[in-house]
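The next block holds one structure in the form of structure tokens; read it before the comments.
Treat the numbers as computed from the prediction; the structure is a model and nothing was measured.
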Amino acid sequence: TLFRSPTNRQKYAKLTQMMTEQEHNANQLNMMRDKFAASNASSKKALYDKIINIEKSYEQQCDDISKLEKEIRNSENMK
């Protein structure tokens, strides 16, 4: 990818890393949801908190990725 500033190249590298981590969390979340659906009541209680925490983390990652994408675009457009 072509970026005018070295800083934006670094930010883009960070962005791609964040997107990879987000994809990993999404896969992990889907697997846990499948386990939850197939579990008995006692297992569901244990999985519930884990799923909620991963969902919160996933939502935060979405926000962070969005902000970084916007920051990179705005920085590139200003020059």
*Which residue pairs pass the side chain to side chain donor-acceptor pair (under 3.5 Å) test when at least one of the two sits in residues 52-62, sequence neighbours left out?*
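Non-adjacent pairs meeting side chain to side chain donor-acceptor pair (under 3.5 Å): N25-Q61, R33-E55, Q60-D64.
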*Provide the closest heavy-atom pair for C62 versus Q22 in the form atom of the first, atom of the second, distance.*
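Smallest interatomic distance, heavy atoms only, reads SG-NE2, 2.8 Å.
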_D63: side chain to side chain donor-acceptor pair (under 3.5 Å) partners, not counting sequence neighbours_ =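 Once residues adjacent in sequence are excluded, D63 has no partner under the side chain to side chain donor-acceptor pair (under 3.5 Å) criterion.
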_side chain to side chain donor-acceptor pair (under 3.5 Å) against E69, all qualifying residues, sequence neighbours excluded_ =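 With neighbours one apart ignored, the set is empty.
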[atom1] of [X] to [atom2] of [Y]: how many Å apart, nearest 0.5 Å?
X: E71; Y: S66; atom1: CD; atom2: OG; value: 12.0 Å
X: K67; Y: L15; atom1: NZ; atom2: CG; value: 14.0 Å
X: K11; Y: S75; atom1: NZ; atom2: OG; value: 5.5 Å

*asked:* The test is side-chain contact (heavy atoms from CB on, under 4.5 Å); show your working for Q28 and H24 and say whether it passes.
replied: CA-CA 6 Å; Q28 185 181 14; H24 173 73; 4.2 Å; yes
*Hydrophobic clusters join Ile, Leu, Val, Met, Phe, Trp and Tyr when side-chain heavy atoms are under 4.5 Å apart, directly or via other members; which others share one with M31?*
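Grouped by the 4.5 Å side-chain rule, M31 forms a cluster of one, so the answer is none.
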*Got a sec, which hydrophobics cluster with I52, joining ILVMFWY side chains under 4.5 Å apart, including via others?*
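Cluster partners of I52: L29, M32, F36, L47, Y48, I51, I54.
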*Could you go through the side-chain contact (heavy atoms from CB on, under 4.5 Å) check for K44 and N40 one step at a time?*
CA-CA 6 Å; K44 284 185 178 185; N40 59 24; over 6 Å; no
_I'd like to know if the side chain of S39 and the backbone of K35 have a donor-acceptor N/O pair within less than 3.5 Å._
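Judged by distance alone, yes, a pair lies under 3.5 Å.
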*Side-chain donor/acceptor of T20 to backbone N/O of T16, under 3.5 Å*: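 Yes, because the side chain of T20 sits within donor-acceptor range (under 3.5 Å) of the backbone of T16.
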*asked:* Counting C-beta onward and ignoring hydrogens, is there a side-chain heavy-atom pair between F3 and I72 closer than 4.5 Å?
replied: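 When only atoms from C-beta onward are counted, I72 and F3 do touch, with a gap below 4.5 Å.
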*Please, which pairs that meet salt bridge (charged side-chain N to carboxylate O under 4.0 Å, His left out) have at least one residue in residues 13-31, sequence neighbours excluded?*
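Passing the test, one end in residues 13-31: no pairs.
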